[in-house]
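Everything below concerns the one structure shown next.
Computation of the quantities below employed the complete heavy-atom set of this structure, encompassing side-chain atoms and omitting hydrogens, waters and symmetry-equivalent molecules.
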Amino acid sequence: MTHEEYRKLEKTIDEHMDRYYNQDAPTISDYEYDQLMLQLKAAEKEHPEWITPESPTQKIGGTAKREAGVKVTHDVPMLSIEDLFTKEDVTDWVDKVQQMHPGAKFSVEQKIDGLSMSLRYAKDPDTGKLALRLAETRGDGLIGEDVTANALVIPDVAKTIDLPFDSLELRGEVYMTHENFDRFNEEQEAEGKKTAANPRNLAAGTLRQLDPKITKKRGLRMFIFNVQRGPSDFMAEHDAALDILARAGVPVVYHRNCSTADEILSAIDEIGASRGSLHYDIDGAVVKIDHTPWRSDFPAGTKYSSGHIAYKYPPEERTVTMDRIIVDVGRTGKLTFTGEFHDSETGGPARLCGTSVTRATLHNQDYIDSMHIGVGGKYRLFKSGEIIPKLDGCVEEPKEIYKAPSLCPVCGQPLIREEDTADIRCINPSCPAQVSRTIAYFASRDAMNIMGLGDLLVDALVKEGYLSNYADIYDLYLHRGELVEKGIIGKEKNTDKLLREIENSKQNPPDRFLTGLAIRNVGRSTARTLMQSFDSIDALSRASEEELLAVPDIGATTARCILDFFHEENNRVILERFRKAGVNMAVRKEDGGSDVLEGKTFVVTGTLPTLGRNEITELIVKNGGKASGSVSRRTSYLIAGEAAGSKLAKAGELGVPVITEEDFLKMIHREG
C-alpha cells in the first residue's frame, strides 16, 4: 500500500466512524468496517512512521454531542476493546497472560451491540444506600454527555443499590430489544415517518434524546459489564463483583468464569450459538482477566482497555436461491420488496445464527438492480451479529432481473417514483392498502382536527365499509341510523357528537384541509405557506410549476408532488365531492386579522406561558406572518418559552432576535 492509499483509507474509515458513533447511521456492516480497520493496521505495522494521533487506530470513537446534553469529563476513561478475529489470536493472548500469571482466570461475556454508558453512585446519608447521581455516555472516551434524565427512565438502571460503599461507578451497555425495535418501526411506518436501520442505531439516538418521555416510550434496556471505580477489595475479582451486583438487583451481562484457553473457546462458541435465541443483538464475545490488578500488565495502547480482548464472530453465510419477489404497499403508499428463497444446498430454509431464514428485505429497485436480483438467481445470505438477514452479493445470475410494476398491485392506479429518491409510491388516497392511514391523518389534530375520529374508529369504519377515502367522512351522516344501531361509534349521544364535529370541520381554514390531503412533502407548515400565496385550493390546483417554485421554501420536489396530486383524475373526483359537501376551500379574511406581521417569519420553541403551539401559529398566520419549523438566516424572530432547546442556540449563532410571548402579543396589539 502506498502512503497516498493509506491516507485515503484513513479518511474513509474516519467517515464511517463518524456515521457510526456520531450520526448513528452507518452505511456499511460491522464486518466490512472491521476489514477496513485490519487493512489500516497492517499498513501501520509495515510503516509505523505513518501513524499519527489522528489515525483511526489511535482514536476511541465518537464525540460528545453538544446539543444532546451537558459535557462530562469521565472520572475513569471509557476506552474501547481490541478486536481479534481468529481463535488462534485468542489462544495466543491467553497463553501470554498465563505465562506471566500462571493462575490467571478469565471472564467471558456477551459483547452486546448497543451504546456504552457509565453510572456514578454516591451514598445517600438518609438511606445509607448508593443513589444514582450521574449517567454519562462514552463520547470520545474521555468526555461524554450527561444523560442522567434519560437513564432514570430505563428500567434496568438501578436508582439505588444497597451496598455498604461510599461511592461506586459502573459501566454497561444500553441496548434495544428486537421487540421494541420492531414496534418503533411499525409505528414510524404507520405515521409515514423514517424507520430505523437497526436496534443499535435506534438505541444510541434514543439515549441522546432531549426529552426523557421519548426515551421511556421507546423502551431501552441495560446490562452492567464492568466496575469502573469502587473499593479495591470489591473490584479485585471481576466476576465476583458482577455476582454481588446481581444479588443486589443490578442486571449484569452474561459471564462465565474460565481457567484455560479451551474453556474460553468453548464459552465463545456457546455465546455464538445462542445469538439466534437472544432478544437483543450481540456482535462478539469479550474476554477479560478476572483479577483486575493484573490487567495493567497487558497494556493495549491509549485507545484500548488493558487486560481485555473481544472476539468478533465471522459472519455466517449461506447460498440461497431466489424463489419469488413479493411486493407490498405500506400504509404510506410506499412499495416494499421482499425476497423469498431456499437454501441452495439443502433445499430448505437457510440456517443462520440458530434461526431458519426464508426471506430478506430487498429495499428498493436500485438495490435490486445493483444486486442483480431475480427469480432463479443465487445469492450469499449472512447475519453479522444482527438479527436481520441480508443478501451479500450475487453468486449466480438470474435469467432476468426483477422490475417493479408500473401499476399499484392493490388498487391498479399508476405508481410514481419520487425524484432524487429510490422510493416508488402509490399516491391514490383511496388505495385500500393505505386508506385507514390517510383518513386518520385527514381527521388528525394537525389537519382537520375532527375530535373523536381517531385511528381505531377509522379502522372500524373502513372495515364495516363506511369509509373508503377521506371524502366519505362527510357522508357518514347519511348512515346515522345504522351507525347507532351497530354501536360502531357509540350510542346516539356519541354518534351525534362525532357527526357535529365533522360538520363543524367544514369551516376550517383551507391550510388545514390542504394538510389533510397528505400530499407528499406538504405538511402543516408548507400548507400554510402555500395558502398565503394562493387564495383557494382551486387556485393552487391550477398553479404551474413556475408559480409553485416562486413560493418561498417550495422546491422542485415539493412542486412536483403537488402537480402530480392535482393532475391525478381520482384526486380531482374526490376534491369535487369535498366541494359539494361544503368543505371550505377558500381563504377568508378573519375577524381581528391584520397584515402587521407581513414579511416576517417566526419560529416557536419551548413552552409558552399561555399559548399553545397551534394557537400562536394561527395568530402568526392570521396577522400576515409566516410560521416556520426551523431557524435559518431568513428567520425574523424566535419566540422562546420555557425549556427552549437547540433552536435557541441556533438563533444565537445566526443573530436571530429572540422574543417572548409577551413581546409577540405586543406586536399584534394584544394584551398578554
Side-chain angles (χ1 to χ4, degrees), residues 19 25-32 181-182 185-186 188-189 192-198 201 315-345 347-350 352 355-384 386-428 431 433-434 520 557 560-561 564:
R19 292 191 64 83
T27 54
I28 61 174
S29 68
D30 288 353
Y31 177 74
E32 291 168 317
F181 174 72
D182 291 340
N185 273 349
E186 287 169 4
Q188 292 291 100
E189 175 68 23
K193 298 179 181 177
K194 184 179 179 181
T195 56
N198 56 59
N201 292 356
E316 289 190 56
E317 284 190 356
R318 297 294 299 173
T319 298
V320 297
T321 302
M322 192 65 59
D323 294 320
R324 67 174 181 144
I325 294 159
I326 303 166
V327 185
D328 289 310
V329 182
R331 296 185 76 185
T332 64
K334 187 173 80 170
L335 263 63
T336 60
F337 304 90
T338 304
E340 197 171 81
F341 44 71
H342 65 266
D343 189 298
S344 302
E345 182 179 340
L352 289 175
T355 59
S356 296
V357 182
T358 58
R359 291 185 174 194
T361 298
L362 303 184
H363 304 292
N364 52 53
Q365 186 66 54
D366 287 356
Y367 175 84
I368 291 170
D369 291 341
S370 67
M371 293 284 287
H372 295 194
I373 295 172
V375 173
K378 295 186 177 181
Y379 308 89
R380 287 189 298 274
L381 178 76
F382 80 104
K383 281 186 182 181
S384 180
E386 299 177 6
I387 199 65
I388 303 171
K390 297 178 180 178
L391 298 183
D392 185 33
C394 181
V395 176
E396 185 176 306
E397 295 270 346
K399 290 182 179 179
E400 186 178 352
I401 295 174
Y402 175 82
K403 293 297 179 187
S406 59
L407 300 178
C408 174
V410 177
C411 69
Q413 292 294 311
L415 297 168
I416 66 161
R417 175 164 175 163
E418 294 184 341
E419 191 175 350
D420 299 325
T421 77
D423 294 340
I424 299 173
R425 291 185 183 274
C426 172
I427 59 170
N428 174 17
C431 177
Q434 52 185 318
R520 295 293 300 173
T557 299
R560 176 47 53 191
C561 290
D564 288 342

- Query: Side-chain contact, heavy-atom cut-off 4.5 Å: I427 with C561?
  - Reply: no
- Less than 4.5 Å apart, any side-chain heavy atom of Y367 and any of I373? yes
- Query: Roughly how far, to the nearest 0.5 Å, is the CZ atom of R520 from the CG atom of D423?
  - Reply: 7.5 Å
- Query: Rounded to the nearest 0.5 Å, how far apart are CD of Q413 and SG of C426?
  - Reply: 7.0 Å
- Message: When you compare the side chain of L391 with that of M322, does any pair of heavy atoms fall below 4.5 Å?
- Response: yes
- Do the non-hydrogen side-chain atoms of K403 and D369 ever get within less than 4.5 Å of each other? yes
- Between the OG1 atom in T338 and the CZ atom in R359, the distance rounded to the nearest 0.5 Å is 6.5 Å
- Heavy-atom closest contact (P409 atom, V327 atom, distance): CG-CG1, 4.2 Å
- Message: Does E397, at its CD atom, have more than 12 non-hydrogen atoms belonging to other residues, nucleotides or ligands within less than 6.0 Å?
- Response: yes
- Can you tell me how far the CG atom of D343 sits from the OG1 atom of T358, to the nearest 0.5 Å? 11.5 Å
- Message: If you define the side chain from C-beta out and look only at heavy atoms, does anything of Y402 sit under 4.5 Å from F337?
- Response: yes
- Task: Give the minimum heavy-atom separation between P398 and H372, together with the two atoms involved.
- Result: CD-O, 3.2 Å
- Atom CG of L381 and atom NZ of K390: how far apart are they, to the nearest 0.5 Å? 11.5 Å
- Task: Indicate the atoms forming the closest heavy-atom contact of N428 with C411, along with that distance.
- Result: ND2-SG, 3.5 Å
- Closest approach of G374 to Y379 (non-hydrogen atoms, all atoms of both residues): N-OH, 2.9 Å
- Item | Pair C408-V329, side-chain contact (heavy atoms from CB on, under 4.5 Å): steps then yes or no | CA-CA 8 Å; C408 174; V329 182; 3.9 Å; yes
- Item | Reported CE-to-CD1 distance for the pair M371 and I401, which is rounded to 0.5 angstrom | 11.5 Å
- Note on the structure: Closest non-hydrogen atoms of V375 and R324, given as atom of the first, atom of the second and distance, are CG2-CA, 4.0 Å
- Query: Under a 4.5 Å cut-off applied to non-hydrogen side-chain atoms, are V395 and R380 in contact?
  - Reply: yes
- Message: For T321 versus S344, what's the shortest heavy-atom pair and its separation?
- Response: OG1-OG, 2.7 Å
